[in-house]
There are 2 protein chains.
Amino acid sequence: MSAFDVQKMATLGEAAPNPRPSQSPCSACKIRHLTVCAPLEESELHQVAAITHSVELGPGDPLFDEGEPANNVYNVTAGTMKVYKLLSDGRRQVTGFLFPGDFLGLANNDIYAYSAEAVSHSTLCRFPRRKLEGLLEQFPKMEKRLLGMASHELAAAQEQMLVLGRKTAKEKVATFLLALSRRAEERGQPADPVTLAMSRADIGDYLGLTTETVSRTFTQLRGSGLIALQQGGKVELRDREALQDISEGG
Amino acid sequence: MSAFDVQKMATLGEAAPNPRPSQSPCSACKIRHLTVCAPLEESELHQVAAITHSVELGPGDPLFDEGEPANNVYNVTAGTMKVYKLLSDGRRQVTGFLFPGDFLGLANNDIYAYSAEAVSHSTLCRFPRRKLEGLLEQFPKMEKRLLGMASHELAAAQEQMLVLGRKTAKEKVATFLLALSRRAEERGQPADPVTLAMSRADIGDYLGLTTETVSRTFTQLRGSGLIALQQGGKVELRDREALQDISEGG
DNA sequence: TCGTCCCATTGACGTATATCAACGCCAATT
DNA sequence: AATTGGCGTTGATATACGTCAATGGGACGA
């Protein structure tokens, strides 16, 4: 068992102190590409760079846990993260997967409402909350940008409620694959084959299914020729139109 | 599917003209109490009043439909609204119930992502989007307030994902009743008995259940002495602690 | 090279909830 | 008073998905 795993188990068992992920100041060069910074002028970027730090996480590393004081917000710059909520008996709901450009850690009270953990090796840009607030005061356009991102997330959350509450397993998986493909495309990555960085268990916890049902549904879609499972967790979408029809309940 | 449902779907099928709800300018007196206006000075309120109109809806009246151009945002001032999304075959997911103080109509592209309809007789304050944007430019603290409200909604949406994806029918209903009670309390209304303005079908579509299962679950909770069903859709919470335990999966 | 562990897959079986159907209540209408 | 329609409740049955269990493969360390 690796040192990493020991650390993780301790975190789960007792309220362990936060892991100490590697950190270094964010370079202005990278800051420029952060989604929240899009509206800023070149001359304003260094003020953002002054308050940020880079964080690096390996697969399975926690970033923060539900209930912790929300001292930071983060922008994903590389890798894949997942955010989730737990019930006391261990049932888990993954509320989202996060990719480069995505934002996390906004909390309306001062406590994180969910836990965040790396799915694959990831890097993030950390904004101390207090300092960020000063920045937002200074740059209302940055605040406007944040509002836009929050609205976007809210719409995604409502869409996911429809998935969780009213779609069948097959429809859920088809919806998931297409959404993942679209998001990959948005980031300029290949939309087909889609890379599934996360495990079947994670997908199940995202879609309100068990790993077994997810697996069976993949098998079923493969049997119908709609997808093909490749090496390295890649999924080829062989018939997007049919998947689209299924995802809409057609 | 009942005749009622068919009729409703027909309304959606053809791009029906918007209902023409009764409208009148919002008085500054009421504006003052709008949640978005909380941060504003007395002297600033009349500028808000200048752009708003009051809208009145009866039970079942639509406010807007998913896919329509999002020309307005609204603040509920009285009554109960519901917002929902539909699948092509009529399956419905209610993504939220809205009470006085709640905001709706924020859309990050220019299209409503969901439909909104009155549950009970309701009044709302309408903000034309373009004019509101000017106002937000002028009052950054109003924008900050909006961001706070959006964050709050986002947290609620994530909580609801946990409910939809991972809770049993009994846990769902217990969670729902407690949440409704808390929200009534926040608005200064009696937390017990809770008034259920919405039908069993609406509750089912909110919790990812059928009306029958909702009904049976109420019956079951009543049988255990945890709730009592009163006249007028009121529910007495006779054992909040037990309900709380159930809602958390204990 | 061989275990070990984790993960994905597959099978057999169980069950929570959906579906289909009937009934009663209440309010509105005639 | 009789009729109608919407809504909530209850019962019988069906089924999609969960649960439990076994197997196999790839990554990793001894």
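Here is how names work: the chains are called A, B, and so on, in the same order as the sequence lines, proteins then strands, and each is numbered from 1. FYI, side chains are in, hydrogens and waters are out, and symmetry mates aren't considered; it's all heavy atoms of this structure.
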Q) How do B:T211 and A:V214 order along DNA chain D: which one's closest nucleotide is nearer the 5' end? A)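 The answer here is B:T211.
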
Q) Relative to the 5' end of DNA chain D, which residue comes earlier, A:Q231 or A:L209, by the nucleotide with the nearest heavy atom? A)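 Looking at DNA chain D, the more 5' nearest nucleotide goes with A:L209.
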
Q | Presence of donor-acceptor pair under 3.5 Å, side chain of B:R222 and base of D:dT10 | A |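 Looking at the base of D:dT10, it does not pair with any donor or acceptor on the side chain of B:R222 (distance under 3.5 Å).
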
Q) Does the base of D:dG8 carry an N or O that pairs as donor and acceptor with the side chain of B:R216 under 3.5 Å? A)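 Not at all, since no donor on one side and acceptor on the other fall under 3.5 Å apart.
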
Using whole Å, report how far [atom1] of [X] lies from [atom2] of [N].
| X | N | atom1 | atom2 | result |
| --- | --- | --- | --- | --- |
| A:E171 | D:dA16 | CD | C1' | 12 Å |
| A:L207 | D:dG18 | CG | C1' | 15 Å |
| A:E212 | C:dC7 | CD | P | 13 Å |
| B:R166 | D:dC17 | CZ | P | 13 Å |
| B:K170 | C:dT17 | NZ | P | 11 Å |
| A:K167 | C:dA18 | NZ | P | 18 Å |
| A:R200 | C:dT9 | CZ | C1' | 9 Å |
| A:L229 | C:dA8 | CG | C1' | 10 Å |

Is it the case that the side chains of [Y] and [X] hold a donor-acceptor pair, with the cut-off being a distance below 3.5 Å and no angle test?
| X | Y | result |
| --- | --- | --- |
| B:Y84 | B:Q93 | no |
| A:R200 | A:T210 | no |
| A:S115 | A:K85 | no |
| A:D192 | A:S181 | no |

Q | Minimum side-chain heavy-atom gap B:R91-A:L162 below 4.5 Å | A | no

Does [X] place a side-chain N or O at less than 4.0 Å from the phosphate oxygens OP1/OP2 of [N]?
| X | N | answer |
| --- | --- | --- |
| B:T210 | C:dA18 | yes |
| A:T213 | D:dA16 | no |
| A:T219 | C:dT10 | yes |

Q.
Students often get this wrong, so: under 4.0 angstrom with heavy atoms, is B:S199 touching a base, only sugar-phosphate, or nothing?
A. sugar-phosphate

Q.
Counting the atoms with a prime plus P, OP1 and OP2 as sugar-phosphate, which does B:G208 contact under 4.0 Å by heavy atoms, base, sugar-phosphate, or nothing?
A.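 Counting heavy atoms under 4.0 Å across all strands, the contact made by B:G208 is with sugar-phosphate only.
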
Q: Name the orientation class of the two ring planes belonging to A:Y114 and A:F64 (parallel below 30°, tilted from 30 to 60°, perpendicular beyond 60°).
A: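 Taking A:F64 first and then A:Y114, their aromatic rings sit tilted (interplane angle of 30° to 60°).
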
Q) Which atom names give the shortest non-hydrogen contact between B:A107 and B:I111, and what distance separates them? A)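 Between these two residues, the closest heavy atoms are CB-O, 3.4 Å.
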
Q: Report the end-to-end axis angle of the helix from C:dT1-D:dA30 to C:dT30-D:dA1; each axis comes from five terminal pairs, and the value is rounded to 10°.
A: 30°

